[in-house]
Amino acid sequence: MKIPWRFWGVVVLIWIIATGMDRFWWGQFDGIPSWDQADYLNSALDHGRALGILPGGQWQGLDAMLDLSPKIPPLASLVNGSVIALAGDSPQQAAWSLSLWHGLLLGGVAAWGLRLRGPEIALLAVFFVAFVPALLELRTDYVLEMPLTAMTTLALWRIGCWCDPQRGFAWSQALLAATLATAAVLVKQSALLVLL
């Protein structure tokens, strides 16, 4: 089934509108957000410094970087630290990493919806995921739920594609599903509860 580029254009437009809403919220918010209660932002900054892409740090090897992740796996911190290196480290600028994870979530929901029911249901699902209040709140709070939800959704979509009785069970599908499942676990171990 060939999906026209317009479908993915609408998905990107929904993401842009949702991101615009987030940016508007950050522009109107003049206080200090009560985020990073679990030190995820600090972890992202530490990983960005360990990669040598944030000021005050330099690459000291893989062992030194892995020492920064004794409890929480490092994937989200590595991605967030890289985004912070590009966007800046103020709360408003650091929130761009949440927008990136949100875009991945919308892409996974769109692809999964296409696979299950077609473009109309996929767009409806993307719309609801983009504007549901609980997920809207996650896009303005620096926790790992948005990266965890995005990566788990992508992993479940690819596992579903691999398990498809008509078009599944190819080695390439198994490899992609395993890679995304591993990435989800490298965001947070609780992804295993959903993936299993």
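Residue numbers count from 1 along this sequence.
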Using residues 174-192 as the side-chain source, report each donor-acceptor pair under 3.5 Å to any protein atom, sequence neighbours left out, with the distance given to one decimal.
| from | atom 1 | to | atom 2 | distance (Å) |
| --- | --- | --- | --- | --- |
| Thr179 | OG1 | Leu175 | O | 2.8 |
| Thr182 | OG1 | Ala178 | O | 2.8 |
| Gln189 | NE2 | Lys71 | O | 2.9 |

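Within the model, atoms CG of Leu104 and OG1 of Thr153 stand 10.5 Å from one another, a figure rounded to the nearest 0.5 Å. Summarising the geometry, atom OG1 belonging to Thr149 is positioned 11.0 Å from atom CH2 belonging to Trp101; distances are rounded to the nearest 0.5 Å. For the atom pair Leu138 CG and His102 NE2, the distance stands at 9.5 Å (nearest 0.5 Å). Thr19 contributes atom OG1, which lies 10.0 Å from atom CE of Met21 (distance to the nearest 0.5 angstrom). Here CG of Leu86 is found 11.0 Å from OG of Ser97. Values are rounded to the nearest 0.5 Å.
Between Met146 and Leu105 there is a side-chain heavy-atom pair separated by less than 4.5 Å.
Between the side chains of His47 and Ser82, no donor-acceptor pair is found at a separation under 3.5 Å.
For Trp157, the side-chain hydrogen bond (donor to acceptor under 3.5 Å, both in side chains) test picks out no residue, with sequence neighbours left out.
For residues 49-58, the set of pairs meeting the salt bridge (Lys or Arg N to Asp or Glu O under 4.0 Å) definition, not counting sequence neighbours, comprises Asp46-Arg49.
Note that Arg23 lies in the cation-pi zone of Trp96, set by a 6.0 Å cut-off to the ring centre and a 45° limit from the axis.
At least one donor-acceptor pair closer than 3.5 Å links the side chain of Trp15 to the backbone N or O of Ser99. In this structure a side-chain-to-backbone donor-acceptor pair under 3.5 Å is present from Thr152 to Leu148. The backbone N or O of Gln166 sits less than 3.5 Å from a side-chain atom of Asp164, completing a donor-acceptor pair. One N or O on the side chain of Gln173 and one on the backbone of Arg167 form a donor-acceptor pair closer than 3.5 Å.
Atom CZ of Phe128 has 12 or fewer heavy atoms from other residues, nucleotides or ligands within 6.0 Å.
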